[in-house]
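The structure presented is a predicted model; accordingly, all values stated were derived computationally and were not measured.
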Amino acid sequence: MGSLFEEAEGLADSYEQAREAMEYRMMMGSNVVIDFESLTELSLFYDYSLESERDIINSLKNGNYEQARDFMFQVIDSNINSGMMSAQLARCMLFDLVGTIIKGLSLTRLDSAFLGRLNPVERLLQCETFDRMKCELSDILRRVCDYINDNREDPNRRQFEKAVAYIGDHYMDENLSVSSLAEGVFVSKSFLVKLFKDHAGLTPLDYMNRFRCEQALALLECSEYTIEEVARKAGYSNAHTFIRIFKKLYGKTPGMYRSERG
């Protein structure tokens with residue numbers, strides 16, 4: 001609402017004041033009447049340090065929505081509480097924060113097409129109030145963190161694949177064990193056990209036995225090797241151990257399996 005003027009010449013000034021007050025209404029909410037007289041000196045800048053931006057980006061890269069949101073709202077609230085901001089400056093601050101979200105996402109090197117589908121800038125442009133913009137900003141941040149968490153590469157996946165490849169290269173060695181496998185891929189035995197539990201649902205020893213027996217299946221079907229020879233080519237030191245493990249896995253001995261295959 002603009003000021004009251006006694007002369008008609010003040011009508012244009014009152015209109016401009018009312019327009020400014022209406023613009024500032026965005027800061028206060030859509031159901032609040034703003035008197036131009038209450039708009040004293042507005043802040044000409046806002047405080048958004050490089051340290052604050054770094055905190056938001058690091059939290060976002062880790063997919064930690066709650067922490068990133070808290071850092072982001074600290075920036076917003078500290079500026080709002082420090083004095084009156086113009087609606088234009090408030091918008092600049094929130095668009096600056098959107099820029100931080102975009103920057104953080106780009107540093108993850110994930111698919112940029114997601115950002116196009118999210119369309120964060122357009123979402124903010126559609127908001128009429130500052131509170132609505134804050135809600136949209138929070139939702140944008142949440143969606144980005146969810147996307148990062150859903151598409152994060154398991155840092156231990158390559159280590160698991162390395163261990164599997166090592167088994168493939170050394171399974172014929174009867175001395176291959178959980179300990180030697182751990183040494184071969186340069187991890188502790190306890191970490192190796194966790195690695196296989198997380199990625200295969202098996203212990204390393206169970207995985208090795210399954211792998212060896214799978215190689216033995218092909219030899220039993222397509223060769224004339226004796227059971228003892230198959231056992232050694234599959235990495236077992238004797239036929240007795242091979243037969244016991246094979247029967248445990250397949251419910252029948254290697255000889256029975258070969259007979260059934262004709």
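M93 and I80 get closest at one heavy-atom pair: CE-CD1, 4.5 Å. Between V185 and A163 the shortest heavy-atom distance is CG1-CA, 3.7 Å. Closest approach of K252 to E260, counting heavy atoms only: NZ-OE1, 2.9 Å. Between A234 and R212 the shortest heavy-atom distance is O-CG, 2.8 Å. What you find for V230 and R258 is that their closest heavy atoms are CG2-NH2, 4.3 Å. Counting all heavy atoms, side chain and backbone alike, P254 lies closest to L220 at CB-CD1, 3.9 Å.
Comment: D77 engages K134 in a salt bridge, judged by a side-chain N to carboxylate O separation of less than 4.0 angstrom. Ionic pairing of D146 and R142 is present here: one or more N-O contacts between side-chain nitrogen and carboxylate oxygen are shorter than 4.0 angstrom.
Of the possible donor and acceptor atoms, none in the side chain of R232 sits under 3.5 Å from a partner among the backbone N and O of N238. Remark: side-chain polar atoms of S106 are paired, donor with acceptor, to backbone N or O of K103 under 3.5 angstrom. Counting only distance, with no hydrogens or angles, the side chain of D96 and the backbone of C92 share no donor-acceptor pair below 3.5 Å. For the pair S78 (side chain) and Q74 (backbone), a donor-acceptor distance under 3.5 Å is present. In this structure a side-chain-to-backbone donor-acceptor pair under 3.5 Å is present from N149 to C145.
To the nearest 0.5 angstrom, F186 atom CZ is 13.0 Å from L192 atom CG. The distance from atom CE of M208 to atom OH of Y171, rounded to the nearest 0.5 Å, is 14.5 Å.
Judged purely by distance below 3.5 Å, without hydrogens or angles, the side chains of S188 and S190 pair a donor atom with an acceptor atom.
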CA sep, side-chain torsions, deciding dist, call: F73, L141, side chain to side chain contact (heavy atoms under 4.5 Å, CB included): CA-CA 11 Å; F73 280 6; L141 180 66; over 6 Å; no
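Ring orientation note: the planes of Y147 and F114 are close to parallel, at an angle under 30° on the 30°/60° scale. Between F160 and H199, the ring-plane angle classifies as parallel under the 30° and 60° cut-offs. Using cut-offs of 30° and 60° on the angle between ring planes, the pair H170 and Y166 is parallel.
Remark: Y225 engages no residue in a ring-ring contact (aromatic ring centres under 6.0 Å, His included) (not counting sequence neighbours).
Clustering ILVMFWY residues whenever any of their side-chain heavy atoms sit less than 4.5 angstrom apart, transitively, puts I56 in the very cluster that holds Y46.
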